[in-house]
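Every number for a ligand or one of its atoms is a count from 1 in the order of the listing.
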Amino acid sequence: DDPRIPAIQSRIRVVPNFPKPGIMFQDITTLLLDPKVFKDTIDLFVERYKSKNISVVAGVEARGFIFGPPIALAIGAKFVPLRKPKKLPGKVFRQEYDLEYGSDCLEMHVGAVAPGERALVVDDLIATGGTLCAAMNLLERAGAEVLECACVIEIPALKGRERLNGKPVYVLVDSQ
Ligand code: PRP
Ligand code: MG
């Protein structure tokens with residue numbers, strides 16, 4: 001494994017019982033406080049994706065907005081925000097997805113991505129996989145090809161990968 005990974009793992013703060021009892025919250029804000037480790041995190045993704053002819057990096061609100069843009073800039077791709085409902089002013093594709101209780105929704109501007117573009121989806125974490133599944137659906141509805149999803153953290157026990165219809169997910173660390 002890459003020698004930068006253990007430091008990344010150690011900078012993720014695990015907060016028990018937040019935001020609800022029983023949840024072990026994976027807090028990436030502590031990773032952002034260490035510029036060397038934050039840079040290593042971005043570099044690991046950039047090294048993986050720089051030669052893959054990716055034209056669009058799509059970041060999932062909110063925490064995908066932290067990791068997506070620096071990756072997009074470094075690989076020379078555009079950045080497209082996938083937003084929570086009713087935030088985007090233009091015509092949108094809308095994709096609902098199930099949460100543990102209830103549902104949520106992501107939206108993407110029509111016209112932000114052209115048919116045939118090669119896309120990378122970025123978020124901080126994959127848990128049940130519902131969020132990434134919705135994100136991929138938005139890009140595919142716009143005619144883009146999603147090469148892969150990239151996250152800093154995976155919670156393997158929640159088996160989110162099984163929800164992604166075989167689409168690869170690249171993660172740096174497993175939750176502790
Ligand atoms: C968290 C996390 C991922 C998503 C993963 O976001 O940042 O986006 O949950 O969960 P899943 O794999 O079960 O779908 P959240 O919706 O809590 O909001 P935030 O990023 O806006 O804080
Ligand atoms: Mg999120």
Side-chain angles (χ1 to χ4, degrees), residues 5 8-34 37-38 41-42 44-45 48-49 56-72 79-89 92-109 112-113 119-142 144 146-176:
I5 296 284
I8 293 168
Q9 174 104 265
S10 75
R11 290 293 181 183
I12 296 163
R13 172 167 57 182
V14 181
V15 184
N17 302 312
F18 182 89
K20 292 188 293 193
I23 304 286
M24 299 286 277
F25 189 84
Q26 307 289 312
D27 180 16
I28 53 88
T29 67
T30 42
L31 182 160
L32 306 175
L33 299 176
D34 185 325
V37 175
F38 185 20
T41 303
I42 299 303
L44 281 161
F45 291 123
R48 182 174 177 87
Y49 298 116
V56 48
V57 173
V60 181
E61 183 173 358
R63 287 170 258 164
F65 289 5
I66 297 170
F67 298 102
I71 298 168
F79 180 76
V80 173
L82 307 182
R83 296 217 58 181
K84 301 283 169 81
K86 306 247 165 80
K87 302 287 190 181
L88 293 171
V92 295
F93 294 106
R94 152 184 285 253
Q95 189 70 49
E96 299 204 351
Y97 57 100
D98 294 331
L99 299 175
E100 200 177 351
Y101 301 99
S103 68
D104 208 342
C105 176
L106 286 176
E107 294 181 345
M108 180 179 79
H109 266 146
V113 177
L120 172 69
V121 176
V122 174
D123 203 354
D124 67 323
L125 173 138
I126 174 169
T128 66
T131 302
L132 287 182
C133 189
M136 288 196 306
N137 284 342
L138 286 172
L139 286 150
E140 284 167 2
R141 284 166 59 191
V146 178
L147 271 78
E148 191 159 270
C149 298
C151 294
V152 179
I153 312 158
E154 176 174 13
I155 303 178
L158 293 180
K159 300 189 187 303
R161 283 172 195 268
E162 291 179 9
R163 230 164 127 174
L164 302 183
N165 305 317
K167 188 66 67 182
V169 186
Y170 174 67
V171 300
L172 302 182
V173 304
D174 284 347
S175 61
Q176 293 302 288

Taking only Lys NZ, Arg NE, NH1 and NH2, and the carboxylate oxygens of Asp or Glu, determine whether R83 and E107 approach each other closer than 4.0 Å. no

Ignoring hydrogens and angles, write down the donor-acceptor pairs under 3.5 Å from the side chains of residues 168-176, residues two or more places apart or on other chains.
| from | atom 1 | to | atom 2 | distance (Å) |
| --- | --- | --- | --- | --- |
| Q176 | NE2 | Q9 | OE1 | 3.2 |
| Q176 | NE2 | D174 | O | 3.3 |

How long is the span from the CD atom in E61 to the CG atom in L106, to the nearest 0.5 Å? 8.0 Å

Residue shell around ligand 1, heavy atom under 4.0 angstrom: E61, A62, R63, K84, D123, D124, L125, I126, A127, T128, G129, G130, T131

Can we say E148 and R48 salt-bridge, meaning some charged N sits less than 4.0 Å from an Asp/Glu carboxylate O? yes

Across all chains, not counting sequence neighbours, the side chain to side chain donor-acceptor pair (under 3.5 Å) partners of E140 are none

I'd like a table of donor-acceptor pairs (distance under 3.5 Å, sequence neighbours excluded) in which one partner is a side-chain atom from residues 12-28, with atom names and distances.
| from | atom 1 | to | atom 2 | distance (Å) |
| --- | --- | --- | --- | --- |
| R13 | NE | D27 | OD2 | 3.0 |
| R13 | NH2 | D27 | OD2 | 2.8 |
| N17 | OD1 | G22 | N | 2.8 |
| Q26 | NE2 | M24 | O | 3.3 |
| D27 | OD1 | T29 | N | 3.0 |
| D27 | OD1 | T29 | OG1 | 2.8 |
| D27 | OD2 | T29 | OG1 | 3.1 |

